[in-house]
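One structure is given below, encoded as structure tokens.
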Amino acid sequence: MDLEGRTALITGAGRGIGRATAVRLGREGARIAINYKGNAAAAEEAKHLVEQAGGAAILVRGDVAADGAAEEVVKAALAFGGGRLDILVNNAGITRDNLLLRMSAEEWDAVLDLNLRGTFLVTRAVMRPMMKQRSGRIVNVASIAGVVGNAGQANYAAAKAGIIGFTKTVAREMASRNITANAVAPGFVPTDLTNPLPQQVKDDLLRQIPLARFGTVEDVANAIAFLVSDDASYITGQVLVVDGGMVTA
Ligand code: NAP
């Protein structure tokens, strides 16, 4: 796999899965625009790790759920790529878990705003440059919650299922321009997002994983690296589940 000369924008790449993806794509030779929201120290560390892996990176601070900010983030990534943007990974995401009976409209909106609306805003902003290039690779980070649902995550599951429908539509609309759009659907991966879950919940989850271990951020980054590579040039509109066999539907 060789991504030499390509420029990638990864949203939410300061920590977790986004950071591992930045390091992985950087190691393959891509120039990485690392978007993050507010944790500058974590983003600096991500940039350092990309550079250590032999890649080049810039930091682009911005809340991709906010009107106008997504466009600014894309503009900065394009400038870093000398006017090109070859790869977009829509990874930024949050959870606000609650049982449906107790879920507030604020919890619903916060999750839908970033996970789904943010993905829409950033993807729309990269369309023109990718269409002009007549090439592009888009990978959206969904979740198995968006495939099979998950108690306590009505908002998150709806957003992630929405991302899957969105991805399939982008794939259809953009295929004639040689732009592919795919999703990855991770299972349970220890990160700052999942660490607050009670140990009992983690133990129960582990028992449901046929491969008998949690995923790693690198497991997900590997799948994303494949989908943005030339090896995946005939794959579009797909959902690649990375969950140790938890979900087989
Ligand atoms: P994480 O460790 O909590 O990292 C989240 C990253 O997103 C951070 O870099 C954060 O920036 C950034 N971010 C948050 N809000 C943002 C915003 N409004 N605009 C731009 N960036 C923002 O999360 P993760 O576990 O790596 O999750 C990454 C993706 O994988 C998410 O879409 C998540 O839903 C999905 N996923 C995760 C799992 C899992 O088990 N971990 C499973 C399935 C799917 P700051 O550092 O500046 O705060």
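Just so you know, ligand 1 is whichever comes first in the structure, and atom 1 is the first atom listed for that ligand.
Short contacts between ligand 1 and Thr194, defined as distances under 4.0 Å to a heavy atom of the residue, involve ligand atoms 39 (C), 40 (O), 41 (N). Every atom of ligand 1 is numbered from 1 in the order shown, and the set under 4.0 Å from a heavy atom of Gly62 is 19 (N), 20 (C). Residue contact check: Ser143 has heavy atoms under 4.0 Å from atoms 43 (C), 44 (C) of ligand 1.
For atom 8 (C) of ligand 1, the closest non-hydrogen atom on the protein side is Arg15 NH2, 3.7 Å. Looking only at heavy atoms of the protein, atom 11 (O) of ligand 1 is closest to Lys37 N, 3.4 Å. Counting only heavy atoms of the protein, atom 40 (O) of ligand 1 lies nearest to Val189 N, 2.7 Å. Looking at atom 33 (C) of ligand 1, its nearest protein heavy atom turns out to be Tyr156 OH, 3.4 Å. The protein heavy-atom contact nearest to atom 24 (P) of ligand 1 is Thr191 OG1, 3.7 Å. Regarding atom 18 (N) of ligand 1, its nearest protein heavy-atom neighbour is Asp63 OD1, 2.8 Å. Here the heavy atom of the protein found nearest to atom 26 (O) of ligand 1 is Ile17 N, 2.8 Å.
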Determine all donor-acceptor pairs shorter than 3.5 Å in which one atom belongs to a side chain in residues 40-61; sequence neighbours excluded.
from  : atom 1 : to    : atom 2 : distance (Å)
Lys47 : NZ     : Glu51 : OE2    : 3.0
Arg61 : NE     : Lys37 : O      : 3.4

Please list, one pair per line, the donor and acceptor atoms closer than 3.5 Å that link side chains of residues 179-186 to other protein atoms, with sequence neighbours excluded.
from   : atom 1 : to     : atom 2 : distance (Å)
Asn182 : OD1    : Gly237 : N      : 3.1
Asn182 : OD1    : Gln238 : N      : 2.9
Asn182 : ND2    : Ile235 : O      : 3.0

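In this structure, Phe214 has no heavy atom closer than 4.0 Å to ligand 1. Using a 4.0 Å heavy-atom cutoff, Gly38 is listed among the residues neighbouring ligand 1. Not close to ligand 1: Arg61, with no non-hydrogen atom less than 4.0 angstrom away. Residue Gly118 places every heavy atom at 4.0 Å or more from ligand 1.
Counting non-hydrogen atoms of neighbouring residues, nucleotides and ligands closer than 6.0 angstrom, the NZ atom of Lys75 reaches no more than 12 such neighbours. Around the CG atom of Leu206, the shell of radius 6.0 Å holds more than 12 heavy atoms that belong to other residues, nucleotides or ligands.
When non-hydrogen atoms are compared, ligand 1 lies under 4.0 Å from the backbone of Pro186 as well as from its side chain. Under 4.0 Å from ligand 1, the heavy atoms of Asn35 that appear belong solely to its side chain. If you look at Lys160 next to ligand 1, the close heavy atoms, those under 4.0 Å, all belong to the side chain. Within the 4.0 Å heavy-atom criterion, both parts of Leu193, backbone and side chain, lie near ligand 1. At a heavy-atom distance under 4.0 Å, atoms from both the backbone and the side chain of Val64 approach ligand 1.
Using a 4.0 Å cut-off between charged side-chain N and carboxylate O, Arg213 and Asp219 make a salt bridge. Electrostatic pairing of Asp67 and Arg117 counts as a salt bridge here, judged by a charged N lying under 4.0 Å from a carboxylate O.
Comparing Ala46, Gly14, Ala69, Gly12 by heavy-atom distance to atom 7 (O) of ligand 1, the nearest is Gly12. With distances taken over non-hydrogen atoms, the option nearest atom 29 (C) of ligand 1 out of Val184, Thr119, Asn91, Asp192 is Asn91. Taking all heavy atoms of Ala65, Gly187, Pro190 into account, the minimum distance to atom 42 (C) of ligand 1 is reached by Gly187. Residue Ala142 holds the heavy atom nearest to atom 44 (C) of ligand 1 of all those in Gly93, Ala41, Gly215, Ala142. Of all the listed residues (Asn115, Leu114, Val141), Leu114 holds the heavy atom that lies closest to atom 14 (C) of ligand 1.
Looking at heavy atoms from C-beta onward, Ile164 lies in side-chain contact with Val147 at the 4.5 angstrom threshold. Using a 4.5 Å cut-off on side-chain heavy atoms (C-beta onward), Arg137 and Leu3 make no contact. Within the 4.5 Å cutoff, side-chain heavy atoms of Gln133 are placed close to those of Arg84. No side-chain heavy atom of Glu218 sits less than 4.5 Å from a side-chain heavy atom of Arg24. Val189 places a side-chain heavy atom less than 4.5 Å from the side chain of Val217.
Taking each heavy atom of Asn115 and Val111 in turn, the nearest pair found is ND2-O, 2.8 Å.
Side-chain contact of Gln199 with Asp203: a donor-acceptor pair under 3.5 Å is present, judged by distance alone.
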Inset, instruction - Could you walk me through whether Ile138 and Met130 pass side-chain contact (heavy atoms from CB on, under 4.5 Å), step by step? - result: CA-CA 10 Å; Ile138 298 167; Met130 284 189 176; 4.1 Å; yes
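Between Phe214 and Phe188, the angle of the ring planes lies from 30° to 60°, which puts this pair in the tilted group.
Taking distance alone, with nitrogen or oxygen atoms compared against 3.5 Å, Gly18 stays at or beyond that limit from ligand 1.
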